[in-house]
Amino acid sequence: MNSSRPYLLRALYEWIVDNDCTPHLLVNAEMSNVQVPAGYVNDGQIVLNVSPSAVRNLHMDNQGVSFEGRFGGVAHGLYIPSDAVMAIYARENGQGMVFEIEPPAAEGSAGPDDDGGPSGGEPPRPVGRPSLKVVK
């Protein structure tokens with residue numbers, strides 16, 4: 001299945017804005033393909049105000065978030081892959097969601113070293129307990 005993170009990001013962004021709050025993203029700036037102004041990164045992370053009044057050309061899709069923002073009066077183009085977003089929350093009250101680190105997506109199919117799961121194109125059965133997050 002596709003990661004739920006980009007879908008949740010878009011939904012929570014809309015919810016935060018609809019409630020007249022300021023959406024912020026907490027980003028792992030050390031992940032590959034993250035494009036943010038390096039001078040504003042602190043301990044490998046950056047917090048970005050992504051409110052409609054703070055950014056231009058905001059685009060959120062299943063791959064990532066891109067927009068133009070100003071830092072110290074200088075315009076920058078930013079790109080944040082979805083898996084680099086650690087949290088989205090409202091500045092005013094902290095409501096939002098923190099995301100768990102997701103393992104990288106598997107490329108291709110399993111080879112001869114697979115785990116002995118079902119063959120014939122059937123996906124492996126999930127193991128363990130499902131984890132659901134409660135959002136208030």
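Just so it is clear, the structure is predicted and the values come from calculations on it, not from any experiment. These numbers come from the heavy atoms of this one structure, side chains and all, not from hydrogens, waters or symmetry mates.
Rounding to the nearest 0.5 angstrom, the gap separating the CD1 atom in I80 from the CD atom in Q63 is 14.0 Å. Rounding to the nearest 0.5 angstrom, the gap separating the CE atom in M31 from the OG atom in S82 is 10.0 Å.
Few gaps surround CG on N93; more than 12 heavy atoms of other groups in view lie less than 6.0 Å from it.
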Report all side-chain donor-acceptor pairs from residues 16-29 shorter than 3.5 Å, counting only partners two or more places apart or in another chain.
from : atom 1 : to  : atom 2 : distance (Å)
N19  : ND2    : W15 : O      : 2.8
T22  : OG1    : R91 : NH2    : 3.3
T22  : OG1    : E92 : OE2    : 2.6
H24  : ND1    : T22 : O      : 3.3
N28  : OD1    : E30 : N      : 3.0

Using residues 45-53 as the side-chain source, report each donor-acceptor pair under 3.5 Å to any protein atom, sequence neighbours left out, with the distance given to one decimal.
from : atom 1 : to  : atom 2 : distance (Å)
N49  : OD1    : S51 : N      : 2.9
N49  : OD1    : S51 : OG     : 3.0
S51  : OG     : S53 : OG     : 3.3
S51  : OG     : A54 : N      : 3.4

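The side chain to side chain contact (heavy atoms under 4.5 Å, CB included) check on E68 picks up R56, N57, with sequence neighbours excluded.
Among N62, D61, V85, the single residue meeting the side chain to side chain contact (heavy atoms under 4.5 Å, CB included) criterion with L9 is V85.
Within the 4.5 Å cutoff, the side chain of I88 has heavy atoms near those of the F99 side chain.
The ring pair (Phe, Tyr, Trp, His ring centres under 6.0 Å) contacts involving residues 33-67 comprise Y40-F71, where partners must be two or more places apart or lie in separate chains. The list of side chain to side chain donor-acceptor pair (under 3.5 Å) pairs with a residue in residues 70-80, not counting sequence neighbours, is empty.
One hydrophobic cluster, built from ILVMFWY side chains closer than 4.5 Å, cannot hold both M60 and M86; they sit in different ones.
The backbone N or O of E100 lies less than 3.5 Å from a partner atom in the side chain of R5, making a donor-acceptor pair.
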